[in-house]
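Notes for the one structure printed next.
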Amino acid sequence: MSVQYVKGVGPKRAAKLRRLNIHTVEELLYFIPREYDDRTNFSYISQCVEGQKVSLKVQICGYPSISRPRRNLSILKLPIKDESGRASLVWFNQDYIADKLTIGDTIFVNGKINRFGREIQIVNPIFEKGMDKVGKIMPIYPLTENLTNNEMINIMTNAIKDYGKKMPEMLPFYLREELNLMPIYESIKNIHFPKDKDSYNEARRRLVFEELLTLQLGLFLIKNRTKGIDKGIKFSRETNVDEFTNGLPFELTKAQKKVFKEIEEDMEKEEQMNRLVQGDVGSGKTIVAILAMFKAWKSGYQSVMMAPTEILATQHHESISKFFSDYDINCELLVGSLPAKKKEQVLEDLKNGDIDILVGTHAVIQDSVEFNKLGLAITDEQHRFGVKQRAILSQKGFNPDVLVMTATPIPRTLALILYGDLDISIIDELPPGRKEIETYAVGEDMIDRVNNFVKKQVLEGRQAYIVCPLIEESDTLDIKSAEKLYLSLKDEVYKDFNVGLLHGRMKPLEKDIIMDRFKNKELDILISTTVIEVGVNVPNANIMVIYNAERFGLAQLHQLRGRVGRGEYQSYCILINGSNSKISRERMRILQKSTDGFYISEKDLELRGPGEFFGTRQHGIPDLKIANLFTDMEILKLAQKKANEILEEDSLLLDEKHSLLRQNIIDMFKDRINDLIFN
Ligand code: ADP
Ligand code: MG
């Protein structure tokens with residue numbers, strides 16, 4: 001039912017509520033407070049401490065006085081007492097309140113204690129004769145534009161009174177009983193107007209569980225669909241990759257060997273491989289993927305590798321071709337910017353089986369792309385793709401083995417949310433001989449010194465990246481900031497050097513040209529947005545300067561830093577911190593201290609919360625209203641366990657007792673409804 005029909009709403013307020021994404025009564029009831037104003041802390045006047053927020057039961061013991069110390073300022077003062085002492089209530093510019101209260105009235109007040117000499121004052125207190133607002137825990141809603149918290153409280157009170165009891169109970173009785181979960185009506189009531197702290201905790205626990213269970217069930221169902229019931233490919237045991245590894249210019253690290261062995265065993269099994277390779281920036285994931293492709297080729301299958309940007313795809317294509325130059329392996333590139341003719345040719349050759357390995361961007365999952373005999377589907381930098389894109393890629397073949405690679409290490413339980421039932425391999429070691437990148441965080445007042453340092457290094461033959469932030473949701477601003485910086489640096493500070501600009505709105509071809517010029521050392525300094533974040537490899541570049549580093553996530557800064565330290569030179573990462581806040585200094589310190597991607601991303605998650613950390617939209621994970629994937633880890637574990645049990649017993653949720661849960665999953669995943677198995 002439309003929210004408009006809730007008492008106190010009407011068309012005008014309904015329009016405001018719509019801006020908060022509240023359209024129905026149900027959405028209103030699930031509009032969770034941002035925080036609470038706890039007014040349960042009753043005290044006596046004599047015990048009041050400066051700055052403390054308290055509730056008092058007092059009597060008005062004198063006449064109001066109004067003073068006007070300045071134009072536009074009037075101060076109303078009202079004396080009060082309780083059995084322990086005396087105090088004053090004070091209001092600014094609200095003289096009308098004097099008429100509402102008379103001497104002798106007993107009232108309840110709540111506010112912050114202010115000691116004024118020997119006098120105790122409460123400024124702009126909440127007051128009332130009954131106990132509707134004082135003595136309670138009151139919600140504070142995340143509101144915008146022209147809707148006050150008090151209005152919202154009134155609307156919510158009416159909605160709960162008139163519709164709360166009609167809320168459907170989606171958690172089956174057996175589950176609520178087993179886990180001791182509060183019924184829905186009480187949960188809704190207590191999440192908005194908690195009776196006490198315990199009731200709040202119980203209400204929240206139930207609602208978080210409900211949300212995470214729905215999420216997890218939905219994700220499991222999507223996964224089951226993509227998993228398929230057919231058998232996968234059994235790659236030949238005979239196809240030894242030693243001949244290839246022996247020809248490499250370096251020895252694989254122990255971690256690389258271990259991870260490839262896990263992959264090889266998967267490939268030789270009849271079941272479809274679904275494996276995630278996690279490894280820090282520079283740990284050498286690509287070569288492991290190349291070994292797998294080699295094995296697929298030896299067994300007579302095609303492979304495909306999808307990367308998030310053209311720059312990265314092009315680079316992979318180049319290095320893969322080079323690694324395989326001694327073999328009769330045909331590796332082709334498919335990206336959006338390819339000329340139409342060439343694209344047609346690639347598509348045809350791919351279908352005929354003349355291409356053994358296809359490398360590309362999203363272009364490789366378009367409908368027109370058909371393989372002859374796809375055996376292995378690889379996604380690089382998986383954190384840049386959604387679950388869905390990975391699924392489409394693997395559907396290009398007949399249950400090909402699937403390998404996904406990511407440099408964003410995440411805790412295991414969250415990996416389960418994001419990557420479901422993937423098996424996980426970790427490359428936990430960097431190739432030998434890497435010099436640790438020296439990282440410095442500096443304030444904006446140090447920019448001149450940073451510039452001088454860059455100049456000095458460039459004069460010694462090195463190259464530098466200068467990155468400025470992507471301002472969220474606004475590509476235009478993003479370009480402006482990079483462009484502005486480019487213009488100001490190129491003709492002044494770095495006028496004696498070759499400076500290039502790279503940003504996300506450039507045409508792929510333009511980007512490639514710039515990137516090539518940087519690789520070939522025609523450019524000394526590359527000013528860029530985060531488009532260079534993933535995978536770019538220019539060993540001669542040894543400085544990464546990041547402007548407004550406070551605006552980036554830690555994991556992202558770590559990724560950016562990974563663009564340097566790829567060659568024989570000592571490398572530097574300079575974080576220019578434009579904020580003075582404690583938290584941003586703390587974040588910079590973490591990066592200075594550690595080069596361990598796992599540690600950094602865990603800290604990132606802790607400091608920023610999962611929403612921002614994951615960019616959940618990218619992952620195709622619905623927005624969560626109440627649960628916090630990080631702090632609610634225990635409930636998440638429980639929800640995962642229960643989701644498994646439920647699906648084991650009722651794999652499509654067809655049982656009557658699960659029908660509302662099923663409906664809730666459909667509602668939650670409405671954008672991705674086609675992915676759900678039972679739709
Ligand atoms: P990432 O895991 O970040 O994708 P890459 O696969 O791009 O890392 O590898 C980074 C660099 O390290 C590449 O230049 C690669 O050739 C090199 N490399 C990979 N494995 C080894 C190794 N075992 N010994 C030396 N260099 C290696
Ligand atoms: Mg890589």
Side-chain angles (χ1 to χ4, degrees), residues 241-242 244-261 263 275-294 303-325 331 357 359-361 378-385 403-410 424-437 463 465 515 519 530-542 544 555-569 571 573 595-598 600-601:
V241 297
D242 285 352
F244 178 73
T245 41
N246 289 338
L248 285 175
F250 47 74
E251 166 131 25
L252 294 179
T253 62
K254 256 205 235 111
Q256 283 171 321
K257 284 181 190 159
K258 176 195 76 189
V259 168
F260 181 66
K261 190 147 173 278
I263 293 170
R275 187 167 286 277
L276 171 74
V277 176
Q278 286 191 351
D280 214 338
V281 190
S283 62
K285 294 181 289 292
T286 318
I287 195 73
V288 172
I290 288 175
L291 294 182
M293 292 194 271
F294 185 79
S303 303
V304 59
M305 184 184 224
M306 178 165 72
T309 63
E310 285 210 7
I311 294 176
L312 191 54
T314 310
Q315 197 174 282
H316 276 324
H317 173 248
E318 269 168 30
S319 71
I320 292 169
S321 304
K322 208 149 58 186
F323 274 118
F324 286 144
S325 55
C331 176
I357 293 173
V359 181
T361 52
I378 301 172
T379 317
D380 191 21
E381 307 296 348
Q382 166 65 33
H383 61 288
R384 289 294 199 96
F385 293 103
L403 196 59
V404 302
M405 307 195 290
T406 178
T408 309
I410 46 167
I424 299 179
S425 292
I426 300 174
I427 306 184
D428 52 6
E429 171 186 16
L430 294 183
R434 291 274 164 84
K435 286 214 181 82
E436 190 121 314
I437 301 164
Q463 289 164 284
Y465 298 99
M515 225 33 238
K519 260 191 223 169
T530 50
V531 285
I532 57 144
E533 178 193 347
V534 282
V536 171
N537 193 18
V538 181
N540 188 53
N542 74 330
M544 169 64 64
Q556 201 180 14
L557 289 172
H558 180 61
Q559 286 271 332
L560 283 166
R561 176 167 62 183
R563 296 311 105 214
V564 295
R566 306 196 140 230
E568 59 202 281
Y569 311 103
S571 292
C573 174
T595 50
D596 175 350
F598 264 101
I600 289 170
S601 74

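All values reported here derive from a predicted model rather than from experimental measurement. Here, residue 1 is the first one in the sequence, and each next residue gets the next number. When a ligand or atom number is given, it counts from 1 through the structure's own listing order.
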Students often mix this up, so state it plainly: with edges at 30° and 60°, are the rings of F244 and F294 parallel, tilted or perpendicular? parallel

Within ligand 1, which atoms have a heavy atom of N537 less than 4.0 Å away? 14 (O)

All heavy atoms of V259 vs all of I427, minimum pair found to be CG2-CG1, 3.7 Å

Give the contacting part of Q256 toward ligand 1: side chain, backbone, both or neither, where contact means a heavy-atom distance below 4.0 Å. side chain

Can you check whether F323 reaches L248 side chain to side chain, under 4.5 Å on heavy atoms? yes

Below 3.5 Å, N or O to N or O, backbone or side chain included: is there any such pair between I287 and ligand 1? no

Any atoms of ligand 1 less than 4.0 Å from a non-hydrogen atom of E251? List them with their elements. 22 (C), 23 (N), 24 (N)

Numbering as shown, the atoms of ligand 1 that approach R566 to under 4.0 Å (heavy-atom distance): 3 (O), 7 (O), 10 (C)

Side chain of K258, backbone of S425: donor and acceptor closer than 3.5 Å? no

Tell me, please, which residues at least two apart from E568 pass salt bridge (Lys or Arg N to Asp or Glu O under 4.0 Å). none

Going from CG on N537 to NZ on K519, what distance comes out if it is rounded to the nearest 0.5 angstrom? 8.0 Å

Could you tell me whether T253 approaches ligand 1 through its side chain, its backbone, both or neither, with non-hydrogen atoms closer than 4.0 Å? both

So, does G282 sit close enough to ligand 1 that a heavy atom of it is under 4.0 Å from the ligand? yes

Taking all atoms of both residues into account, what is the closest heavy-atom pair of G282 and P431, and its distance? O-CD, 3.3 Å

Heavy-atom proximity to atom 9 (O) of ligand 1, picking from A255, G284, A289, P432, points to G284

Could you list which atoms of ligand 1 come closer than 4.0 Å to a heavy atom of T286? 4 (O), 5 (P), 6 (O), 7 (O)

Those atoms of ligand 1 less than 4.0 Å from some heavy atom in D280: 2 (O)

For E429 and T253, indicate whether the former's side chain and the latter's backbone hold a donor-acceptor pair under 3.5 Å. no

S283 heavy atom under 4.0 Å from ligand 1: yes

Distance filter under 4.0 Å to L252 heavy atoms, resulting ligand 1 atoms: 23 (N)

